[in-house]
Asks: 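If you scroll down you'll find the structure; I have some questions about it.
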Amino acid sequence: MKNLDYDAIVIGAGVCGIYQAYKLQQMGKRFLLLEQGSDVGGTWYWNRYPGCRFDSESETYGYSFSKELLKEWNWTEHFSPREETEKYLQFVVKKFDLRQHMVFDRRLESAIWKPEISGWELTTNEGDTFTTRFLLTAIGLLSSPTLPRYKGVEKFKSLSFHTFNAPREPVDFSGKNVAVIGTGATGVQLISEIANKVGSLTIFQRRPNWCAPLHNSRITSKEMNDIKNRYEEIFSLCGKTPSGFYHDVDPRKTFDVAPEDREAFWEKLYSSPGFGVWLGNFKDMLVNSEANAEFTKFVAQKIRQRVNDPKVAEKLIPKDHGFGTRRVPMETGYYEAFNQDNVKLIDIGENPIEYITETGIQTKDIHYPFDIIIYATGFDAVTGAFDKINIVGENKQTLREKWADGPQTHFGLSVSGFPNMLTLAGPQSGSVATNFPRGIEEAVNWCSQMLEHLFDNNIHYFNPREEAESFWGDQVREMSERILFGKEQSWFTGYNSNVDRNYRHKCLIYAGGQIRFRKFLTEEVSNGYPGFIMR
Ligand code: NA7
């Protein structure tokens, strides 16, 4: 058989691709990593909008695989800002000398399965072609940004950008009239950060989300030393929760607890840092509508207390879904921003945006002039990045065709008919619904173990079985039906009004949690990979 250029090619130099590159280097394989950006970082390279940070406790976000790395790196905030996370990933790449395997400014345009070489032929936007035995995609869940389909978006003459493509140089907001469209996790971070830096801020909200305080703070050097001594315990704790965060559900049910104790518990959650308010709540809060409604009332009251104008407060309180049934944006002073004289909320349900003009936004009632328009309008999530690549598998079937009605995968990590391809953070994977690096380490470890098995046994071909894929589809559906989350329109359920194809009512993630997911993965290995054809 013809020699291939590489044993493996990894696509994407974000959190996932970097770790996969490290593993391949450890295995001593001939591999390459292609990255469309000009440097490493993925999410943390692209999203340069003000206020961008993660909602994971910093010490739970770093890689756990190297004790030395854990000892050397110091986080400075409990919830790290984008800039620091980007530096961290650059530090990792330098420390393990991974840059030598990476080629930047290369977008993968096509990947064609070539049975005669039992491998893939890849072509990039620069026209280079490579052959590889295994194709490993680490192309991100939220890397295909979507602009709203308003007429005239391209006509606006002054500065406008999607948050994902925010300018690389800091934007000077002082004295500027700024519009933000979108109030998801991104919009909420951005609005909180720039409200007191702009001349005026006008927020165009379609649907409000239930937000909760992040309670970020600095990490002192004493705290950092303590964290370093506890890393083993920290990762062990994260490994035991469904979400890979510290926060685990409270074993009690909402209505089994006396109202005053319930209230005290919720007050404590609301005033504690991070996702505890969402993921560490009573065990029925995210599965039982009555329990959910009770906590939802509690959070609505908090919003009413924080926003001075009752009419504005009511607009900021979601009426169409309960707390935590979509992604909870974490905020720092978000609601208080609406108490500022320079901040205005436009409910586009009442006053729809009609089109974008050269100088601003035309709504049904009024034309608003702006200096800057920022689109925080989200992503063609999880499958969007795959759709942009022409991936052609066996029998010349494209991945787009295969997933036309929604993704079909085995464990979210491989796709029948697309041999020798591992979708490291693919749709329907359990790792994409977790504290990302925790789930990702799990997925990359598993895929690497499988690759070692293939290399060691001289296996040149693997393909997940169709039965395995339909089994996994059932698991994904069953888990999403169990939780209130699965019933709401959000990017997790494949909803995006800005793209033609919406996988309505199909979950893009495996919502069963990392413990269940890990069990499936472990059994697959111990049973000798029954879900795969290998030869
Ligand atoms: P999201 O959570 O998908 O939010 C996008 C926001 O933009 C949301 O408020 C949308 O309203 C709004 N949107 C989208 N399209 C339009 C149009 N056409 N007109 C008006 N408003 C619109 O994306 P984010 O970037 O905030 O967050 C993504 C993830 O990044 C987040 O979950 C974190 O994990 C990190 P809608 O709710 O659809 O009515």
Side-chain angles (χ1 to χ4, degrees), residues 14-15 42-44 46-49 51-56 61 79 82 85 140-153 161-166 179-193 202-212 214 243-245 275 278-279 315-316 318-321 324-331 334 345-356 361-364 373-382 384 425 432-437 439 485 488-500 502 504 508-509:
V15 173
T43 288
W44 309 110
W46 290 102
N47 284 279
R48 287 164 190 268
Y49 65 85
C52 179
R53 65 178 66 244
F54 54 59
D55 299 325
S56 310
Y61 196 90
F79 299 89
R82 183 204 75 78
T85 311
L141 315 175
L142 301 165
S143 53
S144 182
T146 54
L147 286 167
R149 299 199 270 196
Y150 299 126
K151 271 196 203 136
V153 165
F161 56 88
H162 188 284
T163 45
F164 184 79
N165 297 118
V180 173
I181 303 179
T183 51
T186 299
V188 166
Q189 285 187 334
L190 170 75
I191 291 161
S192 316
E193 182 71 19
T202 308
I203 293 138
F204 293 85
Q205 173 186 272
R206 186 162 64 186
R207 285 194 295 166
N209 280 299
W210 292 103
C211 313
L214 179 64
S243 61
F245 288 91
F275 274 147
W278 186 24
L279 306 173
K315 283 186 181 158
L316 290 166
K319 305 291 189 304
D320 64 345
H321 67 282
T325 62
R326 307 201 329 153
R327 207 286 201 182
V328 176
M330 300 307 284
E331 46 86 23
Y334 177 63
L345 179 65
I346 309 288
D347 176 344
I348 63 172
E350 283 173 7
N351 189 9
I353 295 177
E354 297 208 316
Y355 50 91
I356 311 294
I361 296 178
Q362 178 68 51
T363 64
K364 186 163 118 323
I373 300 178
I374 309 179
Y375 298 100
T377 43
F379 298 85
D380 185 3
V382 196
V432 303
T434 60
N435 186 3
F436 197 61
F485 213 94
E488 295 300 336
Q489 286 184 340
S490 75
W491 68 260
F492 287 88
T493 49
Y495 170 77
N496 184 319
S497 67
N498 306 317
V499 290
D500 286 325
N502 276 318
R504 280 163 209 266
L508 292 184
I509 54 161

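Note that the numbering runs from 1 along the sequence shown for the chain. Indexing begins at 1, ligand by ligand and atom by atom, following the structure's order.
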Asks: Could you check atom 32 (O) of ligand 1 against the protein and tell me its nearest heavy-atom contact, residue, atom and distance included?
Replies: Trp491 NE1, 2.9 Å

Asks: Heavy-atom distance under 4.5 Å between the side chains of Ser56 and Phe436, does that happen here?
Replies: no

Asks: Parallel, tilted or perpendicular: which describes the rings of Phe379 and His162, with under 30° parallel and over 60° perpendicular?
Replies: perpendicular

Asks: Give the atom numbers and elements of ligand 1 that come within less than 4.0 Å of a heavy atom of Ile181.
Replies: 20 (C), 21 (N)

Asks: Heavy-atom contacts under 4.0 Å between Asn496 and ligand 1: side chain, backbone, both, or neither?
Replies: neither

Asks: Taking distance alone, with no angle check, do Arg149 and ligand 1 share an N/O pair under 3.5 Å?
Replies: no

Asks: Identify the closest protein heavy atom to atom 31 (C) of ligand 1: which residue and atom is it, and at what distance?
Replies: Ala185 CB, 3.6 Å

Asks: Closest non-hydrogen protein atom to atom 23 (O) of ligand 1, residue and atom name please, with distance?
Replies: Gly378 CA, 3.3 Å

Asks: Between the side chain of Asn47 and the main-chain N/O of Thr43, is any donor-acceptor distance below 3.5 Å?
Replies: yes

Asks: Quick one: look up the protein heavy atom nearest atom 9 (O) of ligand 1 and list residue, atom name and how far away it is.
Replies: Thr183 N, 2.9 Å

Asks: What atoms of ligand 1 come closer than 4.0 angstrom to any heavy atom of Gly184?
Replies: 2 (O), 4 (O), 6 (C), 8 (C), 9 (O), 26 (O)

Asks: By side chain to side chain donor-acceptor pair (under 3.5 Å), which residues pair with Ser144, not counting sequence neighbours?
Replies: Lys388

Asks: Checking side chain to side chain contact (heavy atoms under 4.5 Å, CB included) for the pair Phe54/Asn435: CA distance, chi angles, key distance, verdict?
Replies: CA-CA 10 Å; Phe54 54 59; Asn435 186 3; over 6 Å; no

Asks: Provide the number and element of each atom of ligand 1 under 4.0 Å from a heavy atom of Thr186.
Replies: 24 (P), 25 (O), 26 (O), 27 (O)

Asks: Heavy-atom distance under 4.5 Å between the side chains of Thr202 and Ile346, does that happen here?
Replies: yes

Asks: Could you check atom 10 (C) of ligand 1 against the protein and tell me its nearest heavy-atom contact, residue, atom and distance included?
Replies: Arg206 NH2, 4.2 Å

Asks: What do we get for Ile348 next to ligand 1 when only non-hydrogen atoms under 4.0 Å count, side chain, backbone, both or neither?
Replies: side chain

Asks: Considering the heavy atoms of Phe379, write down every atom of ligand 1 situated less than 4.0 Å from one of them.
Replies: 25 (O)

Asks: Of all the non-hydrogen atoms in the protein, which one sits nearest to atom 15 (N) of ligand 1, and at what distance?
Replies: Asn498 ND2, 2.9 Å

Asks: If you measure from atom 20 (C) of ligand 1 to every heavy atom of Tyr49, Phe54, Tyr150, which option wins on shortest distance?
Replies: Tyr150

Asks: Can you tell me which portion of Phe204 lies within the under-4.0 Å heavy-atom range of ligand 1? Options are side chain, backbone, both, or neither.
Replies: neither

Asks: Could you check Leu147 against Asn498 for side chain to side chain contact (heavy atoms under 4.5 Å, CB included), going step by step and ending with a plain yes or no?
Replies: CA-CA 7 Å; Leu147 286 167; Asn498 306 317; over 6 Å; no

Asks: Can you tell if the side chain of Arg206 reaches within under 4.5 Å of the side chain of Ser497, non-hydrogen atoms only?
Replies: yes

Asks: Using modelled atom types and a 3.5 Å cut-off, is there a donor and acceptor pairing between side-chain atoms of Gln189 and backbone atoms of Arg53?
Replies: yes

Asks: Taking heavy atoms and a distance under 4.0 Å, where does Ala376 meet ligand 1: side chain, backbone, both or neither?
Replies: backbone

Asks: Report, in ascending order of atom number, the atoms of ligand 1 lying under 4.0 Å from any heavy atom of Pro148.
Replies: 17 (C), 18 (N)

Asks: Is it the side chain, the backbone, both or neither of Leu142 that has a heavy atom closer than 4.0 Å to ligand 1?
Replies: side chain

Asks: For Trp491 and Leu508, run side chain to side chain contact (heavy atoms under 4.5 Å, CB included): C-alpha distance rounded to whole Å, both residues' side-chain angles, the deciding distance at 0.1 Å, then the answer.
Replies: CA-CA 8 Å; Trp491 68 260; Leu508 292 184; 5.7 Å; no

Asks: Do the non-hydrogen side-chain atoms of Trp46 and Leu142 ever get within less than 4.5 Å of each other?
Replies: no

Asks: List ligand 1 atoms under 4.0 Å from Arg327, heavy atoms only on the residue side.
Replies: 31 (C), 32 (O), 33 (C), 34 (O)

Asks: Backbone, side chain, both or neither: what part of Arg326 comes under 4.0 angstrom of ligand 1, heavy atoms only?
Replies: side chain

Asks: Can you list the ligand 1 atoms lying under 4.0 Å from a non-hydrogen atom of Gly182?
Replies: 6 (C), 7 (O), 9 (O), 12 (C)

Asks: Hydrogens and angles aside, do Glu193 and Tyr49 bring a side-chain donor and acceptor to less than 3.5 Å of each other?
Replies: no

Asks: Check this for me, if you would: do Asp320 and Arg326 make a salt bridge, where the nitrogen-to-carboxylate-oxygen distance has to be below 4.0 angstrom?
Replies: no

